[in-house]
Amino acid sequence: MLAIKRADCFHSKGHRNPCRSSSNPYMILFGAVEIAFSQIPDFDQIWWLSIVAAAMSFTYATIGLSLGIAQTVANGGFRGSLTGVSVAAGVSPAQKVWRSLQAFGDISFAYSYAYILIEIQDTIRAPPPSEAAVMKRATMVSVATTTFFYMMCGCLGYAAFGAAAPDNLLTGFGFYEPFWLLDVANAAIVVHLVGAYQVFVQPLFAFVEARAAARWPGSRFLAREVRVGPFALSVFRLTWRTAFVCLTTVAAMLLPFFGDVVGLLGAISFWPLTVYFPVEMYIKQHGVRRWSTRWVCLQTLSAACFLVSVAGAVGSTAGVVGAVKLHRPFSGY
């Protein structure tokens, strides 16, 4: 939302104008929207929101990809090199190492959907042979599709800008024109993140509320409902979900830098949730013999991904520490 405002400012006042503005009002607005959507009781009732979010991700990814191709053509060739950003003025060897490691964390976060995988499978009403077969096919298609877009956007963004490539092609203002197309792309990102927030957080809501109901089965606070117009809202759901969204909104305002935090979260959660537990469950389910070729290959995969997670966590931690030094909490800058 802030990028839309800045894009319009750059268009009217010129690219050299700083066009600085606080992101706090937009974070508060986003939190207010999420409070409303968080009152949707169950994950299976937001399927339409997930479809809208997916459509929006295709929209902005396609726009970013097209702008990258156009910029590369306008440059008359590729910028950058196979070795990445050169160690020179402004980039020390240590910074290059930390940023390279942080990239592992970013990639880990992008591919780690273990939080919602089981919840998605539980909501599938699949034809024969089984939900598992449909989920396996859907996973293969989705990972292949996202990999294509990630690789194309990442490679063409670097080809278009080289070492000057921004952290985010659409919000970091590698592109300034056409400003209206950037506005469309960034508006699609807003809608996508509204849906993505719910897709990630609804399983957590369901888990906490199920545990609370089991722990206090006769609680009036858990069972009581309050009517707001045509809606019947659970007092407990209204209270705790609102508090959770407020907490995450305050955290976002406290740490107004996106990439470093995302990389750290991705690095920490990637190996245990996306690799270790699935590998161990597969070994147990299929009775894979210890020290067999398949067992060794699976354990090697797990160990390699563990090293990736450790490297990503180290690099992202360094990035967070560096970002904390540059940003003032709750400043919105």
Exercise for the section: Before giving the answer on side chain to side chain contact (heavy atoms under 4.5 Å, CB included), spell out for Cys153 and Phe148 the whole-Å C-alpha distance, their side-chain angles and the decisive distance to 0.1 Å. Expected result: CA-CA 8 Å; Cys153 289; Phe148 170 79; over 6 Å; no

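- Of all the heavy atoms in Trp295 and Trp291, the pair that sits closest is CE3-N, 3.3 Å.
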Problem - Val308 and Ser108: CA distance, side-chain angles, deciding distance, side chain to side chain contact (heavy atoms under 4.5 Å, CB included) verdict - result: CA-CA 8 Å; Val308 169; Ser108 300; 4.0 Å; yes

Exercise for the section: Begin with the C-alpha distance, continue with both residues' side-chain angles, and end with the deciding distance and a verdict on side chain to side chain contact (heavy atoms under 4.5 Å, CB included) for Tyr26 and Lys5. Expected result: CA-CA 11 Å; Tyr26 302 104; Lys5 181 177 180 179; 3.0 Å; yes

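- Counting heavy-atom neighbours within 6.0 Å of Trp180 CH2, excluding the residue itself, gives a total of 12 or less.
- Note on Phe277 and Val310: same hydrophobic cluster, where clusters join Ile, Leu, Val, Met, Phe, Trp and Tyr whose side-chain heavy atoms are under 4.5 Å apart, directly or indirectly.
- Checking side-chain atoms of Ser302 against main-chain N and O of Gln299 turns up no donor-acceptor pair under 3.5 Å.
- The two atoms that bring Asp183 and Ala7 nearest to each other are OD1-CB, 3.6 Å, heavy atoms only.
- The environment of NZ in Lys96 is crowded: more than 12 heavy-atom neighbours from other residues, nucleotides or ligands sit within 6.0 Å.
- Side-chain heavy atoms closer than 4.5 Å link hydrophobic residues (I, L, V, M, F, W, Y) into clusters, and following such links, even through other members, never connects Val184 to Ile69.
- In this structure, the separation between CE on Met27 and OG1 on Thr248 is 11.0 Å, given to the nearest 0.5 Å.
- Contact of the Leu193 side chain with the Phe30 side chain is registered, since non-hydrogen atoms from C-beta on lie closer than 4.5 Å.
- The closest donor-acceptor contact from the side chain of Gln202 to the backbone of Ile40 lies under 3.5 Å.
- For Phe58, the CZ atom sits in a loose shell: 12 or fewer heavy atoms of surrounding residues, nucleotides or ligands are nearer than 6.0 Å.
- Leu181 and Leu156 sit in two unconnected hydrophobic clusters of ILVMFWY residues. Membership requires side-chain heavy atoms under 4.5 Å apart, directly or through other members.
- Although no hydrogens or angles enter the test, the distance criterion places no donor-acceptor pair under 3.5 Å between the side chain of Ser219 and the main chain of Trp216.
- At a threshold of 4.5 Å between non-hydrogen side-chain atoms, the residues Thr317 and Trp98 do not count as touching.
- Residues Arg294 and Tyr282 have side chains that bring a donor and an acceptor to within less than 3.5 angstrom of each other.
- Ser142 contributes a side-chain N or O that, together with a main-chain N or O of Thr139, makes up a donor-acceptor pair within less than 3.5 Å.
- Of all heavy-atom pairs between Phe270 and Ser309, the closest is CD2-OG, 3.5 Å.
- Between Leu233 and Glu225 there is no side-chain heavy-atom pair separated by less than 4.5 Å.
- Side-chain atoms of Thr59 do not come within 3.5 Å of backbone N or O of Ala188 as any donor-acceptor pair.
- Tracing side-chain contacts under 4.5 Å through hydrophobic residues (I, L, V, M, F, W, Y), one never reaches Leu247 starting from Val208; they form parts of separate clusters.
- Between Tyr60 and His192, the distance separating the two ring centers is shorter than 6.0 angstrom.
- In terms of heavy-atom proximity, Asn186 sits nearest to Ala3 at ND2-CB, 3.7 Å.
- Proximity of a side-chain donor or acceptor of Arg79 to a complementary backbone N or O of Phe161 within less than 3.5 Å is not detected.
- The line from CE of Met56 to CD1 of Ile189 is 11.5 Å long, rounded to the nearest 0.5 Å.
- A donor-acceptor pair under 3.5 Å links the side-chain atoms of Gln39 to the main chain of Ile35, judged by distance alone.
- Aromatic ring centres of Phe244 and Phe205 lie closer together than 6.0 Å.
- A pairwise comparison of heavy atoms in Ala185 and Leu170 identifies CB-CD1, 3.9 Å as the closest pair.
- A heavy-atom distance below 4.5 Å is not found between the side chains of Val33 and Tyr197.
- Between Met253 atom CE and Ser22 atom OG the span is 7.5 Å, to the nearest 0.5 Å.
- In this pair, Trp271 and Tyr276 present their aromatic rings tilted. The plane angle is within the 30 to 60° band.
- Put simply, the side chain of Asn17 never gets that close to the backbone of Lys13: no donor and acceptor are under 3.5 Å apart.
- Contact check for Val91 versus Ser86: no side-chain heavy atoms found under the 4.5 Å cut-off.
- Ser316 contributes a side-chain N or O that, together with a main-chain N or O of Gly312, makes up a donor-acceptor pair within less than 3.5 Å.
- Contact annotation: the side chain of Pro178 approaches that of Leu67 to within less than 4.5 Å [non-hydrogen atoms, C-beta and beyond].
- At least one side-chain heavy atom of Thr72 sits under 4.5 Å from a side-chain heavy atom of Phe78.
- Side-chain contact between Ser234 and Arg224: absent, with no pair of heavy atoms (C-beta onward) separated by less than 4.5 Å.
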Practice task
Determine, stepwise, if the pair Val288 / Ser292 fulfils side chain to side chain contact (heavy atoms under 4.5 Å, CB included).
Solution key: CA-CA 7 Å; Val288 179; Ser292 64; 3.6 Å; yes

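- Here CZ of Arg215 is found 10.0 Å from CZ of Arg211. Values are rounded to the nearest 0.5 Å.
- Of all heavy-atom pairs spanning Ala313 and Leu264, the tightest one is O-CD1, 3.9 Å.
- Considering CG of Asp106 and CG of Leu265, their distance stands at 10.5 Å, rounded to 0.5 Å.
- Note that CG of Leu182 is 10.5 Å distant from CG of Leu169, once rounded to the nearest 0.5 Å.
- Both Leu238 and Phe37 are assigned to one and the same hydrophobic cluster, defined by single-linkage of ILVMFWY side chains at heavy-atom distances under 4.5 Å.
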